[in-house]
Amino acid sequence: MATVLAIETSCDETAAAVVKKRHILSNIVASQIAIHRPYGGVVPEVASRQHVESINDVIAAALSQARVDWDQIDGIAVTSAPGLVGALLVGLTAAKTLAMLHHKPLIGVHHLEGHIHASYLQNPDLSPPFLCLLVSGGHTSLIKVEDCGQYQTLGQTRDDAAGEAFDKVARLLDLGYPGGPAIDLIAKNGNPQAFPLPEGKISLPEGGYHPYDSSFSGLKTAVLRLVETHRRQANAVPVADVAASFQLTVARALTRRTINCALNYGLSTIAVGGGVAANSILREQLLASAQQHHLQVLFPPINLCTDNAAMIACAGAEHLDRGHTSPLTLGALSRMPISQVMDLYQV
Ligand code: KG4
Ligand code: ZN
């Protein structure tokens, strides 16, 4: 059972963790949310600089909290794709330096494969095949997990990711950044039936709609029109009602696609990951619908849904156990389909 130190710097969290197979020994995250909040979103150059500031302390804290010394570390995992290239390079450079210095293998990890592995940390006995609904600020995907390194994307967003839609709608409603938690909170005081909003279906050339793909840009525009209409008529925008209606529309759209996908592919377990998995109404809708269809749905705790290095370490340990390691020439990639994860390894 490999013990792996992992580093994650793909976006705005500087994170390091030590995981022994599927058990967390330490999990440190230095969040940059407060730094990016005045800009209303992540500023890539600011994120890279902040990673440089924080990374040494975060790695030191992960090692000391895990109470391991270098002899007990079998490999160093690092997120190498996808993400902000400048931000990824900070983590990659740190990981390569430590790998060389301590003569440890380097294991590049695909960020989405990391999110999938958060479910193994919560449920160490979970085994493929299962369906993963991955909903974060950058991704909205339905992924069939066949084995470690083997994934099939069955559905995805054609435009904005679910978290991005939450962030943009929150900005329209002056709710601040990040938008998801703010909408979740204020929606508790709103009527989710107040405004019927479009779910965003993808038409197929042969007629009908794509069963698993989604689109959130039309929904965002519908919210914008609603807000503009109220402002034009000098009416106060009913923020809580708009937030609740938007949130329910997203939750229903994701739930419908996920349950259909699980049923059509004969997958009885659904693992959810990414920051939007924290959403209370998505959890409610998905759990209720899964129960109706006798499917199992797994939500990792919120600190494992949002970006962290424990999930990267877990994926890294699985690959290391299979003899998958990366060359020290490994680069950072802003985009990479999850079906290509094995390109990260020299097997
Ligand atoms: O997975 P994550 O931490 O980072 C990325 O890899 O993108 O996800 C961040 C996203 C943000 O868009 C944030 O608004 C959203 O997750 N989020 C939520 C909630 N908490 C975080 N969205 C809806 N409801 C929430 N409670
Ligand atoms: Zn993420």
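Predicted, not measured: the structure shown is a model, and the values here were computed from it. In each ligand, atom 1 is the first atom listed, and ligand 1 is the first ligand listed. What's counted below: heavy atoms across the whole structure, side chains too, no hydrogens, waters or symmetry copies.
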Using distance only, find each side-chain donor-acceptor pair of residues 91-103 under 3.5 Å and give its atom names and separation, not counting sequence neighbours.
{"unit_1": "T93", "atom_1": "OG1", "unit_2": "L89", "atom_2": "O", "d": "2.6"}
{"unit_1": "K96", "atom_1": "NZ", "unit_2": "L328", "atom_2": "O", "d": "3.2"}
{"unit_1": "K96", "atom_1": "NZ", "unit_2": "L330", "atom_2": "O", "d": "2.6"}
{"unit_1": "T97", "atom_1": "OG1", "unit_2": "T93", "atom_2": "O", "d": "2.6"}

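Of the N and O atoms on the side chains of Y151 and E146, not one donor lies less than 3.5 Å from an acceptor on the other residue.
The side chain to side chain contact (heavy atoms under 4.5 Å, CB included) with Q247 is formed by just one residue from the set L282, D184, V242; it is D184.
Taking a cutoff of 4.0 Å between a charged side-chain nitrogen and a carboxylate oxygen, E228 and R231 do not qualify as a salt bridge. Of the charged side-chain nitrogens involved, none lies within less than 4.0 Å of a carboxylate oxygen, so that K220 and E164 do not count as a salt-bridged pair. Under the 4.0 Å criterion applied to side-chain N and carboxylate O atoms, E53 and R49 are not assigned as salt-bridge partners. Using a cut-off of 4.0 Å between Lys/Arg side-chain N and Asp/Glu carboxylate O, K20 and D74 are scored as not salt-bridged.
Residue contact check: G163 has heavy atoms under 4.0 Å from atoms 12 (O) of ligand 1. In the vicinity of T306, heavy-atom distances shorter than 4.0 Å reach the ligand 1 atoms 3 (O). Heavy-atom proximity to G138, at under 4.0 Å, picks out these atoms of ligand 1: 7 (O). For ligand 1 and H111, the ligand atoms under 4.0 Å from any heavy atom of the residue are 6 (O). The atoms of ligand 1 that sit less than 4.0 Å from any heavy atom of A278 are 20 (N), 26 (N). Counting the atoms of ligand 1 from 1 in the order shown, those under 4.0 Å from a heavy atom of H115 are 1 (O), 6 (O).
With atom 6 (O) of ligand 1 as the reference point, the heavy atom nearest to it among L185, V169, D307, I302 is part of D307.
Taking any N or O of G274, backbone or side chain, none lies under 3.5 Å from an N or O belonging to ligand 1. Checked against a 3.5 angstrom limit, the closest N/O atoms of P178 and ligand 1 fall outside it.
Protein heavy atom closest to atom 24 (N) of ligand 1, with residue, atom name and distance, is N279 ND2, 2.9 Å. Of all protein heavy atoms, the one lying nearest to atom 17 (N) of ligand 1 is G275 O, 3.6 Å. Of all protein heavy atoms, the one closest to atom 13 (C) of ligand 1 is D167 OD1, 3.8 Å. Nearest non-hydrogen protein atom to atom 7 (O) of ligand 1 is G137 N, 2.7 Å. Among all non-hydrogen protein atoms, the one lying nearest atom 22 (N) of ligand 1 is G180 CA, 3.3 Å. The protein heavy atom nearest to atom 26 (N) of ligand 1 is D184 OD2, 2.9 Å.
Taking both residues in full, the closest heavy atoms of I107 and H324 are given as CG2-O, 4.0 Å, listed atom of the first, atom of the second, then distance. Contact detail for V90 and H51: the closest heavy-atom pair is CG1-CB, 3.7 Å. S10 approaches P82 most closely through the heavy-atom pair CB-O, 3.9 Å.
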Exercise. Taking it one step at a time, do H139 and Q156 satisfy side-chain hydrogen bond (donor to acceptor under 3.5 Å, both in side chains)?
Worked result: CA-CA 8 Å; H139 301 273; Q156 56 196 326; over 6 Å; no
Problem set entry | Residues D125, Y120; criterion side-chain hydrogen bond (donor to acceptor under 3.5 Å, both in side chains); working and verdict | CA-CA 7 Å; D125 297 330; Y120 291 117; over 6 Å; no
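For the Zn ion (ligand 2), the tally of protein N/O/S atoms lying closer than 2.8 Å stands at 3.
Distances from ligand 1 to the non-hydrogen atoms of E13 include no value under 4.0 Å.
Without hydrogens or angle criteria, K21 side chain to T3 main chain gives no donor-acceptor distance under 3.5 Å.
With a 4.0 Å cut-off on non-hydrogen atoms, Q247 does not touch ligand 1 at all.
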